[in-house]
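Heavy-atom basis, side chains included; hydrogens, waters and symmetry copies ignored. All chains are named by letter (A, B, ...) in the order of the sequence lines, taking the proteins before the strands, and each is independently numbered beginning at 1.
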Amino acid sequence: MSEYNHREIERKWRDYWENNQTYRTENIAGKPKYYILDMFPYPSGAGLHVGHPLGYIASDIVTRYKRLKGFNVLHPMGFDSFGLPAEQYAIQTGVHPAINTEQNITRYIEQLKNIGFSYDWSREVRTSDPKFYKWTQWIFMELFRSWYNRKTDRAEPVETLLAHFEQHGTEGLEAVCDEEAPAFTAGEWKAMSEREQYEITLKYRLTYLADAVVNWCPALGTVLANDEVKDGVSERGGYPVEQKLMRQWMMRITAYADRLLRGLEEVDWSESLKEQQRNWIGKSTGAEVTFPLAQDLEGGAGNPGIKVFTTRLDTIYGVTFMVLAPEHELVPSLTTPEQKAAVDSYVSAARMRSERDRMADAKTVSGVFTGSYCLNPFNGQPVPIWLADYVLAGYGTGAVMAVPSGDQRDWTFARHFNLPIIPILDAQQDIDQGADPTKEGRYVNSGIIDGLTFSEALPVLIRFLEEKGLGKAKINYRMRDAVFSRQRYWGEPVPVYFRDGLPYLIDEADLPLELPGVDKYLPTETGEPPLGRAEGWKYKGQYEYELSTMPGWAGSSWYWYRYMDPHNEREFADKTAIDYWRNVDLYIGGSEHATGHLLYSRFWNKFLKDRGYVPEEEPFKKLVNQGMIQGRSNFVYRVKDSVGEGKTPVFVSAGLRNQYEVTALHVDVNIVENDVLDIEAFRQARPDLAEGAEFILEDGKYVCGTEIEKMSKSKFNVVNPDTIVDRYGADTLRLYEMFLGPLTDAKPWNTNGIDGVYRFLKKFWRLFYDEGTDIRAGKWLVTDGDPTPAELKSLHKVIKKVAEDIENLSFNTSVSAFMVCVNELTALKCNKKAILQDLVVVLAPFAPHITEELWAALGNEPGTLSKTAFPAFNPAYLVEAAVEYPVQINGKVRTTLSFPLDTAASDIEKEVLANETVQKWLEGKPPKKVIVVPKKIVNVVV
RNA sequence: GCCGGGAUGGCGGAACAGGUAGACGCGCAGGACUUAAAAUCCUGUGGGCCGUAAAGCCCGUACGGGUUCGAUUCCCGUUCCCGGUACCA
């Protein structure tokens with residue numbers, strides 16, 4: 001073979017690696033281990049897109065490099081195969097999501113194998129496989145069977161909790177539990193019925209039932225994902241969506257809040273990622289205070305008071321009103337008859353808005369007075385109780401004490417509704433213009449803390465609260481317990497059944513609890529989740545199963561352990577395998593998982609460690625976010641009032657859209673060329689939108705709008721790698737994706753420049769083969785001569801650069817270094833085996849196919865490239881005799897001068913000042929200062 | 001809104017502890033080979049000024065300030081873009 005024929009070469013080595021299981025990894029301890037993991041993909045129907053391989057290529061390069069460096073590398077791949085898109089497809093087509101998912105996975109594997117990744121495919125996992133989710137369910141059961149003991153600061157089996165109840169009741173117990181868990185003595189405990197005891201334990205388990213807010217769409221009879229809600233209506237169909245409380249399984253992740261925070265100190269993650277997790281956890285130190293109601297509630301309900309959490313207890317004398325979330329449980333009883341109409345309409349309006357809308361909207365001030373008052377516990381002053389939708393029910397206590405002089409949002413609210421603003425610190429500035437949150441100065445208008453400073457006041461206030469039993473110092477977390485239920489079909493069934501209204505775990509022997517068949521993938525007529533449709537699906541033939549399924553993050557919260565021992569039927573993974581591989585040394589994936597997947601995974605990992613199943617506190621030692629390869633989306637613009645019964649939809653070209661009220665809709669980039677829409681293809685692809693539609697053109701064309709955004713099927717902007725592999729080969733794709741820029745940077749996908757990388761490979765090939773005039777008759781050029789210093793220098797520069805770059809995950813500069821090296825060797829007409837063979841090994845992690853081919857051509861045993869050693873760098877070849885000094889005058893380079901390597905600074909200074917150009921700039925005057933930085937630069941200040 | 005990230009030629013990017021801004025590649029322009037094309041090779045290429053040329057000068061790393069002998073790099077402020085915001089994965 002003489003011409004670089006990527007198709008032939010890549011097919012040959014792909015087959016070779018597969019047939020010889022070249023990348024199979026054993027759980028042996030003979031070599032040091034290295035575990036490199038990619039965040040596994042959701043197998044979408046659109047196939048793998050060019051964004052996915054970015055991280056996979058990077059991790060594959062590191063994997064191959066580490067193998068050359070003598071490590072036993074675990075580098076697996078699998079699929080996060082439960083999820084909404086497959087379910088949506090099933091709803092539309094009636095085909096079971098498992099079938100569609102299977103097809104998508106098959107395609108993904110084919111695409112991944114095309115790119116030449118060195119995964120050990122014998123370890124592949126799929127979260128939707130019952131053999132896998134059996135263990136996801138098992139972990140759920142372990143969570144249900146556990147509680148969090150604050151004294152030992154870890155999760156323990158429920159048995160130790162029962163033992164404590166048995167001996168001491170709740171006396172001396174420090175547990176993470178529901179707010180309303182009652183206190184009792186050992187005697188009272190023993191006197192309880194078995195059912196009462198069981199009910200008590202439910203308040204302590206790490207997974208429990210509670211009411212949580214969901215997006216309820218009455219018209220569709222279903223719960224919607226936040227993603228499926230746009231502007232307060234369902235994305236599909238445009239039906240109204242409201243916030244509704246529903247009974248859900250929850251995960252007590254808040255028990256781990258502090259450990260999740262502390263653990264960040266020991267991992268090698270980017271500071272920004274750790275910061276995001278810290279902010280998500282949101283630890284704040286403050287106090288919980290109860291404001292008693294001004295009068296008892298009617299109907300003997302007593303005076304529960306209003307509980308708030310504040311980080312600024314010192315501002316309590318500045319409280320002039322109280323703000324509750326519209327969903328707060330006391331709202332109905334606090335509303336006076338005169339205010340009822342206003343409150344009711346405000347509450348139902350708030351129900352229509354999503355949490356995010358409510359938080360994001362800081363411009364419009366809205367709220368309503370309930371008519372009731374509570375009392376400031378410090379001075380007994382009446383405080384009016386208002387509702388405002390910027391207070392969220394699921395957040396803290398769902399109530400905020402408003403201090404308009406110190407908090408801008410409260411200030412704006414007070415101004416808008418004419419509520420008083422009381423200054424509380426003498427250092428506060430200009431309270432008429434806005435709030436001043438300062439802690440400086442001494443308190444005024446502040447009862448028992450008048451004249452004190454912030455640090456003096458706080459203990460006084462806390463003591464007062466605790467003595468009166470009206471509150472206490474408290475650490476609060478922004479993080480909430482995680483909702484674990486999904487009212488969906490395509491997820492893991494929760495291994496729970498109900499007896500007399502209480503949840504019980506099924507027998508472990510009955511795992512996996514497999515998904516039952518259903519006639520349709522929609523909710524039942526009564527609004528139950530789809531599993532409610534499964535006929536005769538009862539535990540032991542009589543008990544109702546839990547009908548919700550687990551969320552997408554369940555399977556991904558532990559999957560890295562399954563790769564260690566993927567076929568084990570007795571345990572989620574064998575103990576010796578876990579003790580050998582321990583945790584992930586390098587984890588590469590998208591930053592969009594910063595707070596979801598990565599936090600839940602750390603939570604489950606800590607739990608598994610507490611229960612003795614795994615050895616490490618943190619699962620991912622080093623973590624890198626590859627930048628998102630963004631899609632370039634195209635849009636069509638639909639005129640707003642052309643939609644509806646009996647109307648003809650009208651689409652207007654991008655240049656004319658300002659003349660109409662339009663809705664921008666994504667259109668598939670594959671039917672758009674240079675931003676011009678293929679209207680016929682659009683009609684065929686989207687009859688739901690374009691049937692009978694009219695198009696308003698400009699210059700005879702329909703021009704689409706564009707936007708750079710996430711590449712995803714829902715945005716119709718997916719470009720897949722197969723066409724590139726076919727045309728240029730996988731080695732080119734791999735090099736090109738790395739050449740595109742730093743791994744961690746986001747960048748829009750475009751193929752400008754891929755030719756340059758392809759040319760580089762051809763040029764590299766021509767160091768070995770003379771393509772000649774007849775491409776089939778090229779000669780083998782490699783000779784056995786001794787390398788020259790220039791050749792060795794070129795080689796060792798690239799050895800050094802690439803080794804450093806891989807350790808720093810800076811692959812783009814490695815590709816440049818290869819190009820420079822090949823350019824130099826070509827100029828030197830170097831065809832020497834002593835140089836080229838090492839270069840082949842250095843390039844192998846990046847371009848495995850072409851290097852494997854040349855490795856064999858050089859006379860090495862075929863397929864052994866990954867088992868050789870990375871060439872050793874010898875600095876002696878790079879030593880320079882002299883240094884080129886740029887000479888600056890006032891910081892601007894005016895000339896350069898060369899000096900032998902260790903010329904003394906004083907000698908350099910002397911010669912520089914004598915230099916003609918420098919003399920010209922000095923204009924005869926003496927220099928003010930001369931800075932000589934050895935081996936770097938000279939700067940003369942005039 | 002809040003949290004996190006980003007912005008350098010026509011384009012992707014380089015400059016790794018503050019030391020020659022634009023490596024490498026694309027594109028573009030000119031040239032060689034060719035009947036021609038493809039492929040390949042060579043030369044030039046941030047903007048401007050002055051020149052026949054060589055050389056030289058000025059401006060330039062989103063914008064406005066600051067620190068420093070020297071700033072793409074550090075500090076303060078602003079704008080725009082991207083990710084997350086708890087049921088997309």
Side-chain angles (χ1 to χ4, degrees), chain A residues 39-42 44 80 82-85 212 214-215 223-229 248 270-273 275-276 278-280 282 355-363 390 394 409 478-483 485-488 551-553 556 590-597 599 625 627-628 630 707-710 712-714 736 739-742 744-748 750-757 759-760 762-763 766 771 775 804-805 808 810 812-813 815-820 823 884-896 928-931 933 936-942:
Chain A
M39 288 188 189
F40 61 166
Y42 173 78
S44 107
D80 191 11
F82 274 130
L84 268 187
V214 295
N215 298 308
V223 173
L224 297 178
N226 288 333
D227 221 42
E228 299 174 303
V229 183
Q248 309 275 13
S270 73
E271 214 26 67
S272 73
L273 184 56
E275 195 59 21
Q276 281 186 64
R278 283 188 199 110
N279 286 327
W280 183 270
E355 255 188 29
R356 200 181 306 171
D357 282 348
R358 285 165 56 173
M359 281 191 292
D361 185 5
K363 291 195 188 88
Y390 71 81
R409 176 119 63 168
R478 201 184 75 95
M479 183 167 68
R480 302 135 46 179
D481 276 344
V483 181
S485 291
R486 297 293 181 267
Q487 277 62 44
R488 299 286 169 180
W553 54 267
S556 60
S591 63
E592 66 273 23
H593 299 288
T595 48
H597 162 60
L599 215 42
N625 292 131
M628 185 160 302
Q630 292 150 336
E707 212 170 292
I708 302 296
E709 52 186 358
K710 196 155 133 174
S712 84
K713 199 185 174 189
S714 66
Y736 183 60
F739 191 53
L740 225 41
T744 52
D745 283 9
K747 49 223 153 210
N750 84 69
T751 40
N752 296 349
I754 195 164
D755 288 301
V757 171
R759 262 175 230 157
F760 156 73
K762 284 195 284 190
K763 203 166 175 182
R766 285 201 303 272
E771 291 190 340
I775 55 165
E804 285 171 3
D805 280 351
N808 296 327
S810 171
N812 54 328
T813 48
V815 179
S816 296
F818 285 126
M819 288 174 171
V820 170
N823 287 345
E884 278 285 295
Y885 281 86
V887 178
Q888 299 181 328
I889 311 291
N890 288 338
K892 285 192 203 293
V893 179
R894 298 300 175 183
T895 186
T896 57
K928 220 184 241 168
K929 196 172 175 186
V930 180
I931 293 133
V933 184
K936 281 270 159 74
I937 204 162
V938 180
N939 190 10
V940 180
V941 186
V942 182

What nucleotide, of C41(B), A15(B), G83(B), holds the atom closest to the side chain of Thr813(A)?
A15(B)
When syn is taken as a glycosidic angle within 90 degrees of 0, is G9(B) syn or anti?
syn
Nearest non-hydrogen partners of Leu84(A) and Ala225(A), listed with the distance:
CD1-CB, 3.8 Å
Ser270(A) near the nucleic acid: base, sugar-phosphate alone, or nothing, with a heavy-atom cut-off under 4.0 Å?
nothing
Below 3.5 Å, does any donor atom in the side chain of Ser816(A) face an acceptor in the base of A23(B), or the other way round?
yes
Between Ser591(A) and Ala594(A), is there a donor-acceptor pair closer than 3.5 Å when you use the side chain of the first and the backbone of the second?
no
Kindly point out which of A89(B), A86(B), G4(B) is positioned nearest to the side chain of Leu84(A)?
A89(B)
What's the closest nucleotide to the side chain of Lys892(A) if the choices are G13(B), C59(B), U85(B)?
C59(B)
Any donor-acceptor pair under 3.5 Å between the side chain of Asn279(A) and the base of C3(B)?
no
Side chain of Asn226(A): nearest nucleotide among G83(B), A86(B), G19(B)?
A86(B)
The nucleotide from C87(B), G25(B), G83(B) with an atom nearest the side chain of Glu592(A) is G83(B)
Under 4.0 Å, counting only non-hydrogen atoms across every strand here, what does Glu271(A) touch: a base, just sugar-phosphate, or nothing?
nothing
Any strand is fair game: report the nucleotide pairing with G83(B) by Watson-Crick or G-U wobble, both distances under 3.5 Å, or none.
C3(B)
Can A29(B) be described as syn, meaning its chi torsion is within 90° of 0, or is it anti?
anti
For the side chain of Glu275(A) and the base of C3(B), is some donor closer than 3.5 Å to an acceptor across the two?
no
Applying a 4.0 Å non-hydrogen cut-off, can you work out what Val933(A) is touching in the nucleic acid: base, sugar-phosphate, or nothing?
base
Can you tell me the base-pairing partner of A53(B)? Count Watson-Crick or G-U wobble geometry only, both distances below 3.5 Å, and say none if there is no partner.
none
Partner lookup for G60(B), please. Criteria are Watson-Crick or G-U wobble with both distances under 3.5 angstrom; report none if nothing qualifies.
none
Select one nucleotide: of C87(B), A86(B), G12(B), the one nearest the side-chain heavy atoms of Phe739(A).
G12(B)
Which heavy atom of Phe739(A) sits nearest a heavy atom of Ser816(A), and at what distance?
CE1-OG, 3.6 Å
Could you please name the option among C69(B), C87(B), G4(B) that lies closest to any side-chain atom of Ser272(A)?
G4(B)
Which nucleotide in A89(B), G4(B), G12(B) has an atom nearest any side-chain atom of Pro85(A)
A89(B)
Could you identify the nucleotide paired to A15(B), looking across every strand shown and requiring Watson-Crick or G-U wobble geometry with both distances under 3.5 Å?
none
Going by atom types only, do Asn823(A) and Lys763(A) share a side-chain donor-acceptor pair under 3.5 Å?
yes
Could you check whether Met39(A) gets within reach of a base, just the sugar-phosphate, or nothing at all, counting any heavy atom under 4.0 Å?
nothing
By the 4.0 Å heavy-atom rule, please label His593(A) as base, sugar-phosphate, or nothing.
base
Just name whichever nucleotide pairs with A71(B), Watson-Crick or G-U, keeping both distances under 3.5 Å, else none.
none
Could you tell me whether the phosphate oxygens of U40(B), OP1 or OP2, come under 4.0 Å of any side-chain nitrogen or oxygen in Arg766(A)?
no
Of the listed U20(B), G12(B), C3(B), the closest approach to the Ile937(A) side chain comes from U20(B)
To the side chain of Arg894(A), which of C57(B), A86(B), C41(B) is closest?
C57(B)
By the Watson-Crick or G-U definition, both distances under 3.5 Å, U43(B) is matched with A29(B)
